[in-house]
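In this text the structure is predicted, and so the values were computed from the model without any measurement. We name chains A, B, ... by the order of the sequence lines, and we start the count at 1 in each one.
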Amino acid sequence: MDEKFLKPYNPNETEGRIYEAWEKSGLFNPDTCIAEGVTKDDALTFSMVLPPPNVTGRLHMGHALMLAIEDAIIRFKRMRGFRTLWIPGTDHAAIATQSVVEKQVKKEEGLSRHDLGREELMKRVQAFAAESHDTIIGQLKTMGASLDWSREAFTLDETRSRAVRTVFKKMYDAGLIYRGLRIVNWDPKGQTTISDDEIVYEERTAKLYTFRYSKDFPIPVATTRPETKVGDVGVAVHPDDARYKEYVGKEYDVVFCDVPLHIKVVADKDVDPAFGTGAVGITPAHSKIDWEIADRHELSHEVIVINEYAKMTVPGRLEGKKVTEAREEIVEWLKSEGLLEKEEETPQQVATAERTGGIIEPLPKLQWWIDVNKEVPGRGMTLKELMLDPVKTGAITFVSEHFEKVYVHWIENLRDWCISRQIWYGHRIPVWYRGEEAVAGEAPAGDWAKDGWTQDEDTLDTWFSAGIWTFSTLGWPESTKDLATYHPTDLIETGYDILFFWVARMILMTEFTLGQVPFKTVYLHGLVRDAQGRKMSKSLGNNMDPLDVAAKFGADAARMALVVGNTPGTDMRISEDKIKGYKLFANKLWNISRFILENTQGADLAAPLSEQDQAHLATLDDIAKDVTADIEAYRIYLAAEKLYHYVWHELADKILEESKPIIQGDDAAAKASRQALLLTLLDRSLKLLHPFMPFVTEEIYQSMPTKDASFLMVAKWPEA
RNA sequence: GCGUCCUUAGCUCAGUUGGUAGAGCAACGCAUUUACACUGCGAAGGUCGGGGGUUCGAGUCCCUCAGGACGCACCA
């Protein structure tokens with residue numbers, strides 16, 4: 001027996017060394033597996049992309065959970081003989097990354113991005129991204145992820161950039177990408193547009209003011225934003241509202257807080273007669289719904305009274321004031337003029353930017369959009385329908401079916417996707433202008449700048465490049481062998497919090513570009529919370545660093561703790577106590593091995609098994625059958641638990657105890673049978689446990705007399 | 001407002017297609033130079049949120065009520 005078993009299992013001495021050996025073997029790469037005869041040339045494929053972590057810093061426990069699940073599945077498939085590919089990569093994460101660096105520069109040097117300029121800021125961001133990338137790759141390896149590093153990708157590298165430009169052009173030519181002036185979600189803090197999904201609503205109480213534009217104006221109007229009223233061009237009431245019927249169509253000129261306004265009364269069914277006074281002041285430039293109402297009634301869109309810095313632009317007393325100051329000023333003015341009729345508290349959902357926390361200012365802006373309601377040429381369906389179709393037909397299934405309902409509900413409410421951002425880090429919009437001319441896709445031939453062309457200043461939403469990840473990582477737009485072999489991928493595994501951001505966008509982009517689903521199955525995991533059930537956050541100081549956890553208890557223990565009993569789609573709680581329990585389990589397995597190896601020296605593996613021992617073998621066969629079915633059905637939380645239970649309470653507590661007198665006894669046949677049994681049971685247990693605890697099982701396997709492959713990682717899965 | 005999920009042992013959670021309730025941790029009793037930086041054995045603990053229905057049979061399906069979490073939404 002190897003002397004290493006005389007000491008308790010020490011993951012710190014083992015895990016790094018094992019990972020290095022795996023990596024060196026090249027067996028994470030399916031091509032090597034085929035070359036070495038581990039995988040058959042014509043084996044079924046199983047492919048998966050790693051959801052690329054943002055290059056914004058370090059990995060958290062959510063990432064560790066993701067890796068534990070995905071690596072378990074990939075290792076299982078690899079051992080079962082599948083041609084298995086798991087592609088690693090990282091995401092440039094546009095706004096997220098740029099804002100981290102901007103904050104850093106502001107803090108350390110007191111400079112804004114405009115002080116630095118586009119080129120210099122990009123240098124800083126790229127340096128930061130490179131550093132984050134290296135940290136993240138190290139963390140992925142620490143967790144034991146068996147990713148094929150030869151195929152690593154980055155959402156902003158050359159191959160992926162080309163894919164982005166190609167998809168953009170294809171959509172542009174199909175008339176699905178358009179440039180349009182609309183009300184956007186403007187983040188004054190981040191100085192960029194954001195999509196609807198990047199908004200976080202915060203519940204606050206606001207004041208609802210009821211007022212009249214002037215003493216002789218016939219209709220009182222309610223608002224929570226008096227400062228926007230200097231931009232009003234109309235008042236809308238419900239068509240059936242008897243109170244105001246006589247005024248519909250009439251026009252009024254008023255002077256409101258020194259600003260001359262021309263107000264037309266219109267009837268629109270979107271107005272709720274029961275709310276406030278049943279009349280809405282229409283501010284087309286600073287409210288989405290007002291813009292639409294103005295559209296329907298041919299009211300002017302031109303009146304803009306707030307700028308990108310959330311400051312007033314109307315000439316006079318309000319000019320240059322922040323919106324909050326202007327609000328107070330106007331309320332004072334209304335009071336002094338006797339125009340304020342009521343002031344009441346009302347609950348309000350304030351739209352804020354997810355990344356910066358800035359309060360969203362709706363502004364009209366010329367932006368790039370993806371039209372989700374227009375028929376896709378040649379497909380007979382809109383993008384919305386293309387997103388729904390594979391889910392409805394079952395081409396894509398969700399591991400927890402209820403997410404299918406959530407997904408459908410979201411799509412039913414989906415509007416056009418704003419894809420342009422006014423930041424610098426990301427894929428520059430591939431459109432070049434010269435006068436009235438515009439070309440999309442690739443830059444005009446020759447020295448285009450000299451020829452009078454300029455490229456669009458904006459960059460693309462980071463989810464645009466993330467949306468094509470399943471095929472851009474396989475080399476598209478080249479028709480590569482990888483693409484033909486591994487796409488559609490089999491499984492996407494990610495957090496439910498990015499179902500809309502990412503999963504939905506991948507379905508959209510892939511259906512459009514390839515006419516394929518990006519993946520066949522969606523497995524969504526929940527949030528990792530602390531022992532009290534709170535979200536982990538910097539401000540609470542309850543963050544757990546996967547690296548610290550791995551250093552203290554071992555990556556195997558962390559992985560087991562994250563997987564056992566954690567049903568897909570539901571949040572889980574993690575504590576050091578729980579992880580410690582699985583460190584003890586690793587040690588238990590270690591000692592089981594020590595006992596078995598110590599007591600089976602020189603044993604005959606082919607010895608005939610007694611009836612009792614055959615029964616023990618059959619028990620494990622049943623477990624193996626169960627576990628295989630569980631993992632195939634993505635119930636890996638059950639598989640891991642069953643194995644834990646078997647190894648500890650069946651193999652150790654019952655069979656090992658029962659074996660002591662047999663091995664020390666005089667019945668040579670019984671002893672030989674039992675020795676062969678113990679080695680077989682241990683061998684199979686190691687194989688079954690490997691996907692969940694890859695390091696300790698590999699380390700033991702290397703000392704097993706039953707060793708039948710270079711690495712346990714590529715040993716054959718025990719099929720009953 | 002629309003939608004989704006949760007409520008099972010003191011705590012955290014399982015319970016795959018309906019067949020007389022399970023695990024981990026905690027707590028209790030006992031054992032222990034044992035393969036085990038500990039571990040083993042044993043006992044205890046639940047009217048499965050309330051009510052109703054379908055069924056030979058419901059933690060599991062349907063309805064309803066209550067409490068909690070979350071997602072979406074242009075209520076000015």
Side-chain angles (χ1 to χ4, degrees), chain A residues 1 5-10 183 196-197 199 201 206 208-210 221-226 228-229 232 235-236 270-283 286-293 346-349 351 362 400-415 496-497 499-500 526-527 529 531-533 560-561 564-567 569-575 577-578 580-599 626 629-630 632-635 637-642 644-645 648-649 652-654 656-657 659-660:
Chain A
M1 186 192 63
F5 289 106
L6 296 176
K7 283 189 271 175
Y9 176 63
N10 183 347
I183 297 290
D196 294 342
D197 304 283
I199 288 178
Y201 289 95
L208 183 67
Y209 302 94
T210 304
V221 167
T223 184
T224 53
R225 296 201 60 189
T228 64
K229 297 296 102 185
D232 281 12
V235 166
D270 271 3
V271 179
D272 177 2
F275 187 86
T277 62
V280 191
I282 300 299
T283 325
H286 301 290
S287 150
K288 226 171 255 184
I289 176 77
D290 290 6
W291 177 276
E292 287 164 19
I293 291 177
T346 178
Q348 196 190 24
Q349 305 270 10
S400 0
E401 315 90 69
H402 85 263
F403 279 114
E404 196 175 309
K405 292 182 202 162
V406 176
Y407 176 80
V408 169
H409 185 250
W410 178 78
I411 290 188
E412 279 162 1
N413 291 308
L414 184 66
R415 285 169 297 156
Y496 67 70
D497 51 328
L499 170 61
F500 307 139
L527 258 48
R529 298 172 176 275
Q532 282 91 54
M560 273 299 266
V564 173
N566 181 9
T567 35
T570 51
D571 295 353
M572 72 168 311
R573 302 182 183 204
I574 193 93
S575 62
D577 277 351
K578 187 171 179 189
K580 194 180 164 195
Y582 292 101
K583 182 190 160 90
L584 294 178
F585 178 59
N587 196 50
K588 185 80 184 179
L589 184 62
W590 188 252
N591 281 295
I592 289 168
S593 307
R594 172 181 170 177
F595 176 87
I596 292 178
L597 292 171
E598 235 168 17
N599 288 289
D626 255 25
D630 282 337
E632 279 295 348
Y634 300 117
R635 294 186 296 261
Y637 57 101
L638 278 183
E641 193 180 355
K642 282 175 188 167
Y644 172 88
H645 200 260
W648 199 311
H649 300 299
D653 290 350
K654 298 209 171 78
L656 252 52
E657 291 307 322
S659 300
K660 288 175 184 172

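Relative orientation of the A/Tyr644 and A/His649 rings is perpendicular, given thresholds of 30° and 60° on the angle between their planes. The aromatic rings of A/Phe585 and A/Trp648 lie parallel to each other, their planes meeting at an angle below 30°, with 60° marking the opposite boundary.
Using a 4.5 Å heavy-atom threshold, the side chains of A/Val235 and A/Val280 count as separate.
Figure legend. B/A27 is base-paired to no nucleotide; pairs are counted as Watson-Crick or G-U wobble with both atom distances under 3.5 Å. With a cut-off of 3.5 Å on both pairing distances, the Watson-Crick or G-U wobble partner of B/U7 is B/A66. Under the Watson-Crick or G-U wobble criterion, with both distances below 3.5 Å, B/U20 is left unpaired in every strand shown. With a cut-off of 3.5 Å on both pairing distances, B/A44 has no Watson-Crick or G-U wobble partner at all. Across all strands shown, B/C2 forms a Watson-Crick or G-U wobble pair, both distances under 3.5 Å, with B/G71.
The distance from atom CD of A/Glu404 to atom P of B/G3 is 17 Å, rounded to the nearest whole Å. If you measure from atom NE2 of A/His402 to atom P of B/C5, you get 6 Å, rounded to the nearest angstrom. In this structure, A/Leu638 places its CG atom 14 Å from P of B/A23, rounding to the nearest Å. For the pair A/Leu589 CG and B/A37 P, the computed distance is 14 Å after rounding to whole Å. Across the protein-nucleic acid pair, A/Asp577 atom CG and B/A27 atom P stand 11 Å apart, rounded to whole Å. When the C1' atom of B/A73 is taken as reference, atom CD of A/Gln348 falls 14 Å away, rounded to whole Å. The distance between atom CD1 of A/Ile592 and atom P of B/U34, rounded to the nearest whole Å, is 19 Å. If you take NE2 of A/His645 and C1' of B/G24, they are 10 Å apart, rounded to a whole angstrom.
Remark: the separation of the C1' atoms in B/A23 and B/U17 is 22 Å, to the nearest Å. Comparing B/G24 with B/U32, their C1' atoms are spaced 24 Å from each other, to the whole Å. Spacing between B/A37 and B/A43 at atom C1', rounded to whole Å, works out to 29 Å. Nucleotides B/G1 and B/C48, compared at atom P, are 32 Å apart to the nearest Å. The C1' atoms of B/G68 and B/C25 are separated by 24 Å, rounded to the nearest whole Å. The same atom, C1', is picked in B/G59 and in B/G50; the two are 15 Å apart, to the nearest Å. Separating the C1' atom of B/G57 from that of B/G18 is a span of 8 Å, rounded to the nearest Å. Across B/G22 and B/C28, the matching P atoms stand 25 Å from one another, rounded to whole Å.
Side-chain proximity of A/Asp630 to the nucleotides B/U16, B/A76, B/U34 is greatest for B/U16. The side chain of A/Phe500 lies closest to B/G71 when the candidates are B/A76, B/A73, B/G71. Taking only side-chain atoms of A/Pro8, from C-beta outward, the nucleotide of B/A76, B/A73, B/A37 with the closest atom is B/A37. With B/C5, B/A73, B/A35 as the choices, the nucleotide that has an atom nearest any side-chain atom of A/Glu657 turns out to be B/A35. Of the candidate nucleotides B/G24, B/A76, B/G40, B/G40 has the atom lying nearest to any side-chain atom of A/Lys588. For A/His409, the side-chain atoms get nearest to B/G3 when compared with the rest of B/C13, B/G3, B/A35. Distances from the side chain of A/Thr223 to the nucleotides B/A76, B/G15, B/U12 place B/A76 closest. Minimum atom distance to the side chain of A/Phe275 is reached by B/C75, of the listed B/U4, B/A37, B/C75. Out of B/A76, B/A35, B/U4, the shortest distance to the side chain of A/Ala652 is found at B/A35. Of the candidates B/A73, B/A14, B/G24, B/G24 carries the atom nearest the A/Tyr644 side chain, counting heavy atoms from C-beta on.
With hydrogens and angles left out, the side-chain atoms of A/Tyr582 and A/Asn587 include no donor and acceptor closer than 3.5 Å.
Under a 4.0 Å N-O distance rule, the pair A/Lys660/A/Glu657 qualifies as a salt bridge.
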Practice task
Show your reasoning for whether side chain to side chain contact (heavy atoms under 4.5 Å, CB included) applies to A/Lys288 and A/Arg415.
Solution key: CA-CA 12 Å; A/Lys288 226 171 255 184; A/Arg415 285 169 297 156; 3.6 Å; yes
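Base orientation for B/A44: anti, the chi torsion being more than 90° from 0.
Contact of A/Arg635 with B/U16 (side chain to base): a donor-acceptor pair of N or O atoms is detected under 3.5 Å.
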